Every structure is written in structure tokens, then in C-alpha cells.
**Student:** 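Quick one: the structure is below, questions incoming.
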Amino acid sequence: MYRTITCGALRIADKGKTVTLAGWVQTIRKFGSITFVDLRDRYGITQLVFDEKETQKLESENVGREFVLQATGSVRERSNKNKNIPTGEIEIEIHSFKVLNPSVTPPFTIQDDTDGGEDLRMKYRYLDLRRNVLRKNLELRYSVTRATRNYLHSHNFIEIETPYLIKSTPEGARDFVVPSRMNAHEFYALPQSPQTFKQLLMVSGFDRYYQIVKCFRDEDLRADRQPEFTQIDCEMSFVEQEDILQTFEGLIKSILKDVKGIDLKEPLQRMSFADAMWNYGNDKPDIRFEMLVKNLKTESEIHLDALKGSSFGVFEQAETILAISVPGAADYSRKQTDELTDWVRRPQIGMAGLAYIKYHEDGSLKSSIDKFFSPDKLIQFADFCGSKKGDLILILAGKEEKTRKAISELRLFMGDRLGLRDNSIFKLLWVTDFPLFEYEEENNRWVARHHPFTSPKPEDIDTMIHNSPVITDKEHYLKHPFAAIKANAYDMVMNGNEIGGGSIRIHQKDLQKKMFEALAISDEEANEKFGFLMNAFQYGAPPHGGIAFGLDRVCAILGGSESIRDFIAFPKNNNGRDMMIDAPSPIEDKQLKELSLALGEIN
RNA sequence: GGAUCGGUAGUUCAGUUGGUUAGAAUGCUGCCCUGUCACGGCAGAGGUCGCGAGUUCGAGUCUCGUCCGGUCCGCCA
């Protein structure tokens, strides 16, 4: 036994007890012949007091920060109490101690407000994890997975593992690939998700499956994206969309209750994809604040009469004109509106400009488009946008997709600026009725918006069966009947982040075949890639559907952070590198030879 | 594939119009200190200014290239 109690446990009631602690030296404060040492472990910090004799021993052993000590002494009340820490009323009068292991000076301070930069902390991740902040993040992650398992277990779900070495599939993200030594010139792929396996488990009759599982995607990264990430992956049989929404609404509520103590009584709001795009310009709307997008003109159709017959070329020629009304921002200075203009002009947003109307408190209007619109027209703008006196109306015009994306970004940006995106508030909703297909310009074809196993809405099945997927008029692909087909798919959105998504699957062989056809996947290819699933569907596949949640992101949002890296014990950087172990790395020629591989030129 | 910001002491950063010995804070080392908890005081060590080339009498500073890191777009559900 190295210790009788941890560093976070002792209180004034323990006065007089003899205890042995073990932990890391957080700080040393020396006063001549008396020394204070803060000893740290996972549970907290306890102050040790070394008298003259023990202080000499500390010095002779060169004890410094991050040394591992075992110390025995008696608990006594402090004369100067520290109200900031739970153990602040007591200290340990040291009788004896032992250095269990020395430490070199760490490259950054192991404190809440560390002096270490991002990359240094990544390289020494095991030291960074000693800090409270990251420790608490991992504890939060554990409480999320525990709440998940509790809930799903109590709802009759069974956790089943699926393989990591599987087969490469053409659709969706790039696969990570693993060469097979025993099957030379052949490769496994790491799963992008256990999608097909969970469907097979449904065929097998495990009608409620889940798995907290690593998924792998070889695509470029972001702060909120890792090459390997964790999903809470679920699938159910004999269910319709409504059953799934109910069940997993329950899951997220249960997580919020267990982890944050937040009791959401109301059912989650539901919003169609079309409404989300119309009102927020986004399929994952942040509903913590209003500031809805106003559609002044869409697809060259004018919705605001005041726009008719204007001499303003930009608005006349624009396919789409969208606006938001920013509450209380009418007093923005020229400099501030110029800043906003620069912001929308950045290449990432890419708008040509920004028009604004200041609706002053006194009812007067001042705008950047005064030349083209009389005051009575401007007031029509304000009315249309639902603006109140004191609002600043921001207007973007251009091509539909770009403009909608830009207004959405601008809305979020203004929400941030106005402090309307409080990360201690959690607003959830379901987004439903997604299009089944998305147009891919590059190959002039349809791709599955969700994945190829997603079922169309029953009323759209006929459209899918009786129309050719071929797109003859590229310019007006939206007019193609396939563009209107809705999917039995749903996303759960929290604070403007998609935290989960899923669908009712196709369980009929014929419909699945039709789907592959629509996606221009040949019979041969479908058979080669998904033959096992098609085969399985011949043997009585139950109607089924499911959902997967992004665990890392759920944790980050609950933890009030932008970055999922803070909630992963050993994350990778922007280039997919593990800075600590320095992976990926070259392998030896011998290994290559065993795998029958030769290295080619680097692209 | 593209845009953009950064790389100077162990660490976080400053460094003026290109100018002579590159600074601060913190950390580290030594000495002093019996009530600190961001302890305090004194002293000290610590630099290939990412790397390479160029312009110049002279480059941390300007130019080009390159490597590394951050953020974003494309990509990704």
C-alpha cells in the first residue's frame, strides 16, 4: 500500500489522523527551515509541511516539481486557511517521506493557466493530461459514455462489437487502408462507421444494438474533426422514424440530466430541412437565438415588393437576396459596418459586398442603398424583415447557395458578437425531411446525402422507380424529379452542431437495387461491394433504422469547448499526426517486403 | 488543392525606419527567509532569432525558397 488516502479527501474532521499520501509535487514554497509542498493526485491537492529536519532531506534529495513522493504525517488544522481548495483547512505535518521517483523539469508548467503552447502540450500530452482542465474533460467524457450505456441498457439495447478490418467501399469519405500480409496485394479498410454490420445484426435479430466505437475517415481535418473519432452507434428493428426520434431524444435528455443536471421536460423541437434552410440558411440551425434569415428574393422571384423596378443593378441581377435584422445594432459606426463588409468579402465567405439599413430609434432610416431606395421603400424592407427600431438590417445578394451560406455565417457571427451564443445553454432540435440525393457537379450525378442505405419517404418511392436518374439539364438539376425526393432521415442538432444523424434503412432488396442504380453504381460493383448485404436481405430483413452520435462533439459542446481535441486523451493534429509518438512514420524495408509492397513517387 | 496567421531564452512573448552588446515575464540554479498557498528578497545561468539562398557596408527586421505549427475554404456526415 503506497497510500492510505488520496490528496483530495482530507477535511478538518480528520484532524489528528496519521495518513500516508502519494502524488506529484505541484509547488514547493520554502521559508528557511520550514517548507510547504503541495502534493497533487487525480483527486486534489494537499499541503504538506516539512520541518527543519525534513526540509534538509528535501534539499539533499533535490526534490523539485513533478517528483513523485510518498509522505506520512499527521493531519492538523492550518493556522492560515485556504478557502480556495477543498482541503484548505488542513495540512499534513510530515514525519517521513520517500522519493518514489524523481522528475526532470517539465517543459511547461502543470497548472490550470499553463504557459505551454498547443503543440508543445500535444507533444507532452501525458503531462498536459495531469492538468485539471483536461482531467475534468476526460471525466466528463466518461460520464457521458456511462450515461449512454445506462440508458441504452435500460432500454434493452445490447452492445456488440464489429470488426475494424473490413472492406473498402467507394461511396463517401476516403478509407484508411491496411495491407494484408497473408493476402498479398489485398487491403482491408478501417470502417468509416459500422453501418453495414449493424444492419446485418438487425437481419440476425438483435433488434436493439449499440456500440461506442471508433470510426475512421481519411479526410482533411479541422479543430472539430479527427481522422479517428468515436460514435455512439445505434440500430433498431421494427421501428419507424417516430420510434427512433422518441428513443434517442430520451438518450440525449438522459445524458444532459446525468452529466449536467439539466432536466429537459419539453419534447425536442422539430424542423424540416427546407424550413431550416429557409429560416437559418443552414441544416444545423443554432436556435439559441432568433435573428431569422429573411428571404427578399429567391430563385429570381421577388418576395419583397419594394425591390421591384429598382435601379440597383446588384439586386436586380441577383438570383437571391437574403437579410437578417440585428437587434440593437443600428448605432453601428461606419467603421463597424465596413468591418462587416470586409468580413463577408473574405475568400472563405466570398461575397462581393454587404448592404445595410440602420433603423434608428427615432424611426429614421439610413442605409448604404439610399441612392436606390426611397425612405418609404426602406421602411418596407424593415417591415418585411420584422425589424424593430434600433435594428441593423444586413443584406446579402448573389447566387443562391453561396448567399445562403454567407447569410448563415453572418448570422452566427453576429450572434457571437452580441453574446447570444451562451455555451452554458443547450438547445436541441431534430431536423427532418432531408433530400435523399445530392447533386455532384463533378460527375454530373446523384450521390446519397446520407448514405446509400437510406430509405426514401414512402410517398417518393414511385418517383424514384419511374424516373431515370440521368441528368440531362445540368444547369437546372434542381428541376430533376430526384431532387425533390425526401429521405426518411433525421439529424439531431445541438447549439448549431450536428451531434447525431440517422435514417430508416432500405430493407427490401429491390429498392436497394434501385438505389444503387440511382447512384450510378453498377450491378457488378454493387454486388462486389455490398453483395453480402443484398444477400442477407433475401433472408427476411426486418424493417429497421438507426442513428449515430458523434461522442467527441457531444462532449465538447457539453464541456463548453469548440475543440474536440480537448476531449480526446491522445488526439492528432491538423495533419493527422500524433505529435507525441510521431505517427505516422516510415516502416522498414523488411516490413514492406513481407507485405509485398513497393513505395512509389510521392504525389 | 487553396487562403491566411505564426516560428526570437526551457516556456509565453516584445523587438521602432535595416544599425553596433537581442529584451521582459515566467521557469531553472544559488543564497536569505517559520505561515505560505501566483510567497517574498538578492544574485546568476540560459539565444544557430526554424532552415537555405539573396539584397546591403550592415539582416531578428527586407526579398525568394523551404520546413514546421495554428485557423479556415475545398473535402468530409
Side-chain angles (χ1 to χ4, degrees), chain A residues 26-40 45-52 55 59 62 64-66 76-85 87-89 91 93 104-124 127 171-175 192-193 195 215-227 229 231 283-284 346-350 402 405-406 409 431 434 438 440-442 447-451 454 489-493 497-503 547-550 553 562-563 565 573-577 579 582 603:
Chain A
Q26 174 80 34
T27 51
I28 301 175
R29 294 180 295 277
K30 229 181 87 188
F31 290 84
S33 52
I34 182 180
T35 305
F36 300 104
V37 170
D38 287 343
L39 198 69
R40 182 195 67 237
I45 280 181
T46 299
Q47 176 166 288
L48 314 179
V49 189
F50 294 75
D51 64 12
E52 193 162 359
T55 293
E59 284 180 354
N62 294 315
R65 280 163 52 207
E66 302 306 319
R76 76 181 182 204
E77 189 170 359
R78 290 200 201 182
S79 53
N80 283 345
K81 292 180 181 168
N82 184 349
K83 297 236 158 42
N84 300 321
I85 58 171
T87 62
E89 288 196 291
E91 63 193 3
E93 183 183 2
V104 295
T105 305
F108 52 88
T109 57
I110 315 290
Q111 292 165 359
D112 290 1
D113 54 338
T114 181
D115 61 2
E118 179 92 10
D119 52 338
L120 197 71
R121 285 176 12 237
M122 286 275 253
K123 187 171 175 192
Y124 297 92
L127 295 181
E171 297 291 311
R174 283 187 199 92
D175 286 317
Q192 296 174 24
S193 81
Q195 184 59 38
C215 302
F216 306 86
R217 285 173 196 164
D218 188 9
E219 293 292 347
D220 289 359
L221 306 175
R222 293 284 186 282
D224 65 345
R225 236 191 269 164
Q226 286 273 298
F229 59 97
Q231 281 191 347
D283 64 354
K284 41 180 205 252
R346 289 178 314 141
Q348 287 90 339
I349 303 290
K402 194 176 206 178
K405 205 172 166 187
E409 292 296 327
V431 177
F434 285 90
E438 228 164 32
E440 189 186 75
E441 205 178 340
E442 201 183 332
V447 293
R449 185 183 169 88
H450 188 56
H451 55 51
T454 299
Y490 31 82
D491 278 357
M492 191 188 281
V493 175
N497 296 276
E498 184 211 319
I499 58 165
S503 61
I547 191 166
F549 290 89
R553 196 166 299 180
E562 297 291 313
S563 172
R565 289 179 200 163
N573 77 0
N574 247 14
N575 293 325
R577 296 202 70 88
M579 306 268 281
D582 196 23
N603 293 330

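All figures in this text were calculated on a predicted structure; none of them were measured in a lab. Just so you know, these numbers use all the heavy atoms, side chains as well, and skip hydrogens, waters and symmetry mates.
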**Student:** Partners of A:Arg222 by salt bridge (Lys or Arg N to Asp or Glu O under 4.0 Å), sequence neighbours excluded?
**Tutor:**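 Scan of A:Arg222 (salt bridge (Lys or Arg N to Asp or Glu O under 4.0 Å), adjacent residues dropped) gives none.
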**Student:** How far, in whole Å, is B:rG19 from B:rG15 if one measures between their C1' atoms?
**Tutor:**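 Straight-line distance between the two C1' atoms is 14 Å.
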**Student:** So what does A:Arg40 hit on the nucleic acid, given a heavy-atom distance under 4.0 Å: a base, only sugar-phosphate, or nothing?
**Tutor:**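 Result for A:Arg40 = nothing.
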**Student:** Which residues pass the salt bridge (Lys or Arg N to Asp or Glu O under 4.0 Å) test with A:Arg78, sequence neighbours left out?
**Tutor:**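 Here no residue qualifies.
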**Student:** Taking only residues two or more places apart in sequence, or in another chain, which ones meet A:Arg40 in a salt bridge (Lys or Arg N to Asp or Glu O under 4.0 Å)?
**Tutor:**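 With sequence neighbours excluded, A:Arg40 shows a salt bridge (Lys or Arg N to Asp or Glu O under 4.0 Å) to A:Glu66, given in chain and number order.
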**Student:** When every nucleotide of nucleotides 71-77 of chain B is labelled 5' to 3' by its protein contacts under 4.0 Å (heavy atoms), B for base, S for sugar-phosphate only, - for none, what sequence of letters results?
**Tutor:** BBBBBBB
**Student:** Once you apply a heavy-atom cut-off of 4.0 Å, does A:Asn573 come out as touching a base, just sugar-phosphate, or nothing?
**Tutor:**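 Sugar-phosphate, backbone atoms only, no base.
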**Student:** In this structure, how many angstroms lie between the C1' atom of B:rC32 and the CD atom of A:Glu59, rounded?
**Tutor:**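 My rounded result for the distance is 12 Å.
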**Student:** Between B:rG2 and B:rG65, how far is it from one P atom to the other, in whole Å?
**Tutor:**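 My reading of the P atoms in B:rG2 and B:rG65 gives 13 Å.
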**Student:** Nearest 0.5 Å, please: how far is CZ in A:Phe434 from OH in A:Tyr490?
**Tutor:**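 With rounding to 0.5 Å, OH (A:Tyr490) is 11.5 Å from CZ (A:Phe434).
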**Student:** Base, sugar-phosphate or nothing for A:Gly501? Non-hydrogen atoms, less than 4.0 Å.
**Tutor:**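 Since no nucleic acid heavy atom lies under 4.0 Å of A:Gly501, the category is nothing.
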**Student:** Which is more 5' along RNA chain B, the nucleotide nearest A:Arg577 or the one nearest A:Phe108? Just name the residue.
**Tutor:**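 By nearest-heavy-atom nucleotide position, the 5'-most residue is A:Phe108.
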**Student:** Identify the nucleotide, in any strand shown, that forms a Watson-Crick or G-U wobble pair with B:rU4, with both distances under 3.5 Å; if there is none, say none.
**Tutor:**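 Pair assignment: B:rU4 / B:rG70.
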**Student:** Quick one, give me the B/S/- string for nucleotides 36-48 of chain B, reading 5' to 3', where B means a protein heavy atom under 4.0 Å from the base and S means that only happens at the primed atoms, P, OP1 or OP2.
**Tutor:** BB-B---------
**Student:** Write down the distance between CD1 (A:Ile110) and P (B:rU11), rounded to a whole number of angstrom.
**Tutor:**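 In whole Å, B:rU11 P and A:Ile110 CD1 are 14 Å from each other.
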**Student:** For the pair A:Glu59 and A:Lys30, find out whether any cationic side-chain nitrogen is under 4.0 Å from an anionic carboxylate oxygen.
**Tutor:**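 Result for this pair is yes, salt bridge flagged.
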**Student:** Looking only at atom P, what distance separates B:rG50 and B:rA59, rounded to whole Å?
**Tutor:**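 15 Å, rounded to whole Å.
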**Student:** When you measure from the side chain of A:Gln192 to the backbone of A:Ala173, do you find a donor-acceptor pair of N or O atoms at a distance under 3.5 Å?
**Tutor:**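 Checked: pair present.
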**Student:** Which value, in whole Å, describes the distance between the P atoms of nucleotides B:rG54 and B:rC13?
**Tutor:**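 To the nearest whole Å, 32 Å.
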**Student:** What is the base-pairing partner of B:rC33, counting Watson-Crick and G-U wobble geometry with both distances under 3.5 Å?
**Tutor:**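 B:rC33 is unpaired by these criteria.
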**Student:** A:Asp224 vs A:Arg553, test: salt bridge (charged side-chain N to carboxylate O under 4.0 Å, His left out). Steps then yes/no.
**Tutor:** CA-CA 7 Å; A:Asp224 65 345; A:Arg553 196 166 299 180; 3.5 Å; yes
**Student:** Would you mind classifying the nucleic acid contact of A:Ser79 as base, sugar-phosphate or nothing, using non-hydrogen atoms under 4.0 angstrom?
**Tutor:**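 Result for A:Ser79 = base.
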**Student:** Across the strands shown, which category fits A:Leu120 at heavy-atom distances under 4.0 angstrom: base, sugar-phosphate, nothing?
**Tutor:**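 Contact class for A:Leu120: sugar-phosphate only.
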**Student:** Taking OH from A:Tyr124 and P from B:rU12, how many angstroms apart are they, rounded to a whole number?
**Tutor:**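 Rounding to the nearest Å, OH of A:Tyr124 and P of B:rU12 are 12 Å apart.
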**Student:** Between A:Thr46 (side chain) and A:Leu39 (backbone), is there a donor-acceptor pair under 3.5 Å?
**Tutor:**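 Not confirmed, A:Thr46 side chain does not pair with A:Leu39 backbone.
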**Student:** Taking the C1' atom in each of B:rU63 and B:rU21, what is the distance between them to the nearest angstrom?
**Tutor:**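 Their C1' atoms lie roughly 28 Å apart.
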**Student:** Please compare A:Asn62 and A:Glu77 by the position of their nearest nucleotide in RNA chain B and report the one closer to 5'.
**Tutor:**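 Nearest-nucleotide comparison on RNA chain B picks A:Asn62.
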**Student:** Does B:rU16 pair with anything, Watson-Crick or G-U wobble, both distances under 3.5 Å, and if so, with which nucleotide?
**Tutor:**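 Per the H-bond distance test, none.
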**Student:** Holding to salt bridge (Lys or Arg N to Asp or Glu O under 4.0 Å), I want the full list of residues that pass it with A:Arg76, two or more places apart in sequence or in another chain.
**Tutor:**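 With sequence neighbours excluded, A:Arg76 shows a salt bridge (Lys or Arg N to Asp or Glu O under 4.0 Å) to A:Glu91, A:Glu93, given in chain and number order.
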**Student:** Any ion pair linking A:Arg29 and A:Asp38 (charged N to carboxylate O, less than 4.0 Å)?
**Tutor:**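 Looking at A:Arg29 together with A:Asp38, the answer is yes, because their closest N to O distance falls below 4.0 Å.
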**Student:** What interatomic distance, in whole Å, is found between C1' of B:rG47 and the corresponding atom of B:rG10?
**Tutor:**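 After rounding to an integer number of Å, I get 12 Å for this pair.
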**Student:** Return the pairing partner of B:rC39 with a 3.5 Å limit on both distances, Watson-Crick or G-U wobble; otherwise return none.
**Tutor:**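 In the structure as shown, B:rC39 has no Watson-Crick or wobble partner.
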**Student:** Taking the same atom, P, in B:rU8 and in B:rU55, what whole-Å distance lies between them?
**Tutor:**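 To the nearest whole Å, 27 Å.
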**Student:** Go ahead and name the base partner of B:rA53; Watson-Crick or wobble counts if both distances stay under 3.5 Å, otherwise write none.
**Tutor:**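 Result: B:rU63.
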**Student:** Measure CG/A:Leu127 against P/B:rU11 and give the value in whole Å, please.
**Tutor:**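 Spelled out: CG on A:Leu127 to P on B:rU11 is 14 Å.
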**Student:** Could you go through A:Val49 and A:Phe36, starting from their C-alpha distance and side-chain angles, then the distance that decides it, and tell me whether this counts as side chain to side chain contact (heavy atoms under 4.5 Å, CB included)?
**Tutor:** CA-CA 5 Å; A:Val49 189; A:Phe36 300 104; 4.0 Å; yes
**Student:** B:rU48 and B:rA3: how far apart are their P atoms, nearest whole angstrom?
**Tutor:**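 The same atom, P, in both gives a distance of 33 Å.
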**Student:** What is the separation between atom CG on A:Asn575 and atom P on B:rG2, rounded to the nearest whole Å?
**Tutor:**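 After rounding, the reported distance stands at 14 Å.
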**Student:** With a 3.5 angstrom cut-off on both distances, give the Watson-Crick or G-U wobble partner of B:rG27, or none if there isn't one.
**Tutor:**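 B:rG27 is paired with nothing.
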